[in-house]
Protein chains: 2
Amino acid sequence: MAPAVRAEAGSLTARGERTRSRLLAAGEEVFGQRGYHEASIADITQGAGVAQGTFYLYFDSKRDLMRAVVDERGHQLRATLAHATAAVVGRIGKEQAGFAAYFAWTARHRDLCRIVRQSEYVDADLYRDWYRQLADAYAAALRTAIDGGEIAEVDDVETLAYALMGIGDFVGMRWLIFDDRRTVPPRAVSTINKLVDRALSAESLPVRRGR
Amino acid sequence: MAPAVRAEAGSLTARGERTRSRLLAAGEEVFGQRGYHEASIADITQGAGVAQGTFYLYFDSKRDLMRAVVDERGHQLRATLAHATAAVVGRIGKEQAGFAAYFAWTARHRDLCRIVRQSEYVDADLYRDWYRQLADAYAAALRTAIDGGEIAEVDDVETLAYALMGIGDFVGMRWLIFDDRRTVPPRAVSTINKLVDRALSAESLPVRRGR
DNA sequence: TGCTAACATGAATCCTGAATCAGTTTCCCG
DNA sequence: CGGGAAACTGATTCAGGATTCATGTTAGCA
């Protein structure tokens, strides 16, 4: 295995830093466009405007670039979500803000969502960790909200976190990926906002009246 | 493009039929295990116990096999879900039965879920159609339930269908794929059952319009 | 039994593309 | 300046694997 001499961002000059981030961006684009396996190093280096050999100064392998892309963007996404919800008061409001931020991010990084799905077979841990890290942060926030009486108690917060992530992921996929829209239509947003509101609300429902 | 002479199941003798379905099963296994791109025709034919050349008597290409696998299993899944929910009365009960059936099916066809995710870059339509066909059937059922007053009205049934599918997909992924369990733990099941119950229930909550 | 179409074989072909490396250029510090 | 380290180059190497094909085998029907 190669020593990954210039792999860490810290030890790079400004010039090297620029080249590295160019490769990262080209990787995101090409992986997203053609798919991991169809993407050739030649495509990527061409996209970055460097020679093929240069690639291996910054990454050990194609797989290594994949990891770097997903890692990098994963941090960005989590930071974005944390920031978007931090400003809002009340869990239900935070949920809505979170979904909105997630959709906005997905629209901007359409490719990433598809790349993550691909990563399952490129590096299983990468795929798993993408969701786990999101879920862990989400579950912690939900736990706090439950303890504060803001939302209803559940049997398992982690499952709740995955369920809510699933809603966002699938609804985003439907409109932003399948329909290639730039935003999720308002009707869809209001549908899930109401859904989530009802699902999480702390008030216990009256027993359902006969139909 | 090859003429796919013996591609359709109809024109096959019993012997040919058996070989075809062996290849299909081997494909599901090998695609699931190694991933589409890592899976070689040699792996697949070996798994099916036939020679490499035989493969091309039944499928035009590796991609063609992928399509056949996803198609075949897709029909099975939809039939399974339809059957599981048909017996149950009441939409909320149907939901719970549907989730249970989906989890059971996922546990039995772990590989398929991962294969579908891969198919996004092998054949985009295949991927899309997998979810679309599930969603269409789901949305139709939900529409009926809404019109019957069984569940709350929503702004967009299709979005509701995707949201519910997302819940099933992610929760199934968490326990059956990530944790490699044979069943989703009861606490997780009860969590989403309650969640879905609250989310769909026809009673509208006291309006909590924040302003 | 013999004949034919369906079925099966697996070695050979041929292409693709990841990774390498011997050498060149750029940059900066003394 | 001048020298060395950091960047960069791109033709070449090399292995893997999808697909083909010339040939052999089976099974059912007349």
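Residue numbers start from 1 in every chain, and the chains themselves are labelled A, B, ... in the order their sequence lines are given, proteins ahead of strands. The analysis underlying the following values was restricted to heavy atoms, covering all of them including side chains, and did not include hydrogens, waters or symmetry mates.
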Engineer: With respect to the side chain of A/V50, which nucleotide from C/dA8, D/dT9, C/dA19 is positioned closest?
Structural biologist: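 Of the candidates, D/dT9 comes closest.
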Engineer: From D/dC8, C/dG10, C/dT9, pick the nucleotide closest to the side chain of A/L57?
Structural biologist: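 Closest of the options to the side chain of A/L57: D/dC8.
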Engineer: What integer distance in Å separates A/F59:CZ from C/dT20:P?
Structural biologist: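 Atom CZ in A/F59 sits about 16 Å away from atom P in C/dT20.
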Engineer: Could you say whether B/R15 or B/G53 is positioned toward the 5' end of DNA chain D, judged by the nucleotide with the nearest heavy atom to each?
Structural biologist: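 The answer here is B/G53.
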Engineer: Choose from C/dT9, C/dA6, C/dT20 the nucleotide whose nearest atom is closest to any side-chain atom of A/Y56.
Structural biologist: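 The nucleotide sitting nearest to the side chain is C/dT20.
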Engineer: Would you mind telling me which of A/R143, A/E158, A/E95 makes a side-chain hydrogen bond (donor to acceptor under 3.5 Å, both in side chains) with A/Y138?
Structural biologist: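 Exactly one option meets the side-chain hydrogen bond (donor to acceptor under 3.5 Å, both in side chains) with A/Y138, and it is A/E95.
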Engineer: Please determine, for the side chain of A/Y58, which listed nucleotide (C/dA11, D/dC8, C/dT9) has the closest atom?
Structural biologist: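 Taking heavy atoms from C-beta onward, the closest nucleotide is D/dC8.
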Engineer: In whole Å, what is the span from the CZ atom of B/R22 to the P atom of C/dA8?
Structural biologist: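 Going from B/R22 (CZ) to C/dA8 (P), I get 9 Å.
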Engineer: Testing the 3.5 Å rule here: is there a donor-acceptor pair between the side chains of A/Q76 and A/H109?
Structural biologist: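 Absent: no donor and acceptor within the cut-off.
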Engineer: Under 4.0 Å between a side-chain nitrogen and a carboxylate oxygen: does that hold for A/D179 and A/R174?
Structural biologist: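 A salt bridge is present here (some side-chain N lies under 4.0 Å from a carboxylate O).
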Engineer: Counting just side-chain N and O atoms, does A/T19 come under 4.0 Å of either OP1 or OP2 of D/dC8?
Structural biologist: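 Answer is yes, contact under 4.0 Å.
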Engineer: Once you apply a heavy-atom cut-off of 4.0 Å, does B/S40 come out as touching a base, just sugar-phosphate, or nothing?
Structural biologist: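 It contacts sugar-phosphate atoms only.
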Engineer: Looking at A/D136 and A/R132, is any side-chain nitrogen of the basic one under 4.0 Å from a carboxylate oxygen of the acidic one?
Structural biologist: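 No, A/R132 and A/D136 are not salt-bridged.
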Engineer: What's the CZ-P distance between B/R34 and D/dG16, to the nearest Å?
Structural biologist: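 Rounded to whole Å, this separation is 14 Å.
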Engineer: Per the atom types in the model, does the base of C/dT9 pair as donor or acceptor with the side chain of B/Q52 at under 3.5 Å?
Structural biologist: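 Per atom types, no contact qualifies.
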Engineer: Would you please indicate if the ring centroids of B/F170 and A/Y131 are separated by under 6.0 Å?
Structural biologist: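 Aromatic pair counts; centres sit under 6.0 Å.
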Engineer: Out of D/dA18, D/dC8, C/dC7, which has the shortest distance to the side chain of B/K62?
Structural biologist: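 Selected nucleotide: D/dA18.
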Engineer: Figure out the CD/C1' separation between A/E38 and D/dA18, and round it to whole Å.
Structural biologist: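 It works out to 13 Å between those atoms.
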Engineer: Select base, sugar-phosphate, or nothing to describe what B/A39 touches, counting heavy atoms under 4.0 Å on all strands.
Structural biologist: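 Contact class for B/A39: sugar-phosphate only.
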